[in-house]
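Chain letters run A, B, ... following the sequence lines, proteins first and then strands; every chain starts at 1.
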Amino acid sequence: MKAIYLFPHQSRIIGYVCILSYVPVMVLKKILHNGYNNQDPVSKLADAAGLLNSEHIFTAIATILIITGLLFIAFSKEKIEDEQILKLRLDSLQWAIYLNYFILIITVAFVSNNLLRDVIVLNIWTPLVFFIIRFRWMIFKLNKSLKEDLA
Amino acid sequence: MKNIIRIERAIMNITQAELAALIGVSRQTINTIESNKYVPSTILALKIGRVFNKSIEKIFILEEND
């Protein structure tokens, strides 16, 4: 069975490095800007007057770091990427999309403007986060059932 | 669907890990196939058949409710 394109196994490490480097980028931003701006990333991107000013560059770098980091973690191959793993991967992806949009629907229906805005901004990475959690959990369960059977 | 992989393995005297290595899947996959939690693809079933030198109908058996 031909799998969808996945990154090599080791690229998961690049993912972790991307996510961890979010912190130094934000610290550097604070040092340079010397002030706390409590806006969410999307408004920052939208409000930044023009491209390639410092505010825009930092916000863009931070957002891209998180997204590429999560993509690498989510879609790097397992040590043995066989058809069962592929099935778990696709199941988890569907599950993550359902959960994400379920939460979005609930939020749109019952929540007022400011929080709604936060949730929509979080939606930049929640599908990937839900996917990673669910996929890891399924693999953990798989390994656990193997250990129980061998015991 | 049930299968007799566990029995065939015992006859050939190979472990789940060895069978997994022979057909290029993880040990977990062999384990879940044996315990009827996962239905392998046709390609994987044929590979298993080749290891045991048997046709796949002899290894995988359809049940009433399939």
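- For the side-chain contact (heavy atoms from CB on, under 4.5 Å) with A:Gln84, the lone residue among B:Val39, B:Ile30, B:Thr32, B:Ile33 that qualifies is B:Thr32.
- Rounded to the nearest 0.5 Å, atoms CZ (B:Arg27) and CD1 (A:Ile80) are 9.0 Å apart.
- Annotation: B:Arg6, atom CZ; neighbour count of heavy atoms from other residues, nucleotides and ligands within 6.0 Å is above 12.
- The 12-atom threshold is exceeded at CG of B:Asp66, counting heavy atoms of other residues, nucleotides or ligands nearer than 6.0 Å.
- Criterion: ILVMFWY side-chain heavy atoms under 4.5 Å apart, direct or through other members. Under it, A:Trp95 and A:Leu122 are not part of a common hydrophobic cluster.
- Taking CD from B:Gln28 and CD1 from A:Ile139, the interatomic distance works out to 8.5 Å, rounded to the nearest 0.5 Å.
- Across all non-hydrogen atoms, the minimal contact from A:Glu83 to B:Ser41 is OE1-OG, 2.5 Å.
- Residues B:Leu46 and B:Ile5 are members of one and the same hydrophobic cluster, defined by side-chain heavy-atom contacts under 4.5 angstrom among Ile, Leu, Val, Met, Phe, Trp and Tyr.
- Neither A:Ile64 nor A:Ile13 shares a network with the other; the hydrophobic side chains, linked directly or stepwise wherever heavy atoms of I, L, V, M, F, W or Y lie under 4.5 Å apart, form separate groups for each.
- B:Ser26 contributes atom OG, which lies 12.5 Å from atom NZ of A:Lys79 (distance to the nearest 0.5 angstrom).
- Of all the heavy atoms in A:Lys87 and B:Tyr38, the pair that sits closest is CD-CE1, 3.7 Å.
- Contact of B:Gln16 with chain A is made through the side chain alone, with heavy-atom distances under 4.5 Å.
- Under the 4.5 Å side-chain heavy-atom criterion for grouping Ile, Leu, Val, Met, Phe, Trp and Tyr, A:Ile97 is not connected to A:Leu86 through any hydrophobic cluster.
- Rounding to the nearest 0.5 angstrom, the gap separating the CG atom in B:Leu44 from the CG atom in A:Asp82 is 7.5 Å.
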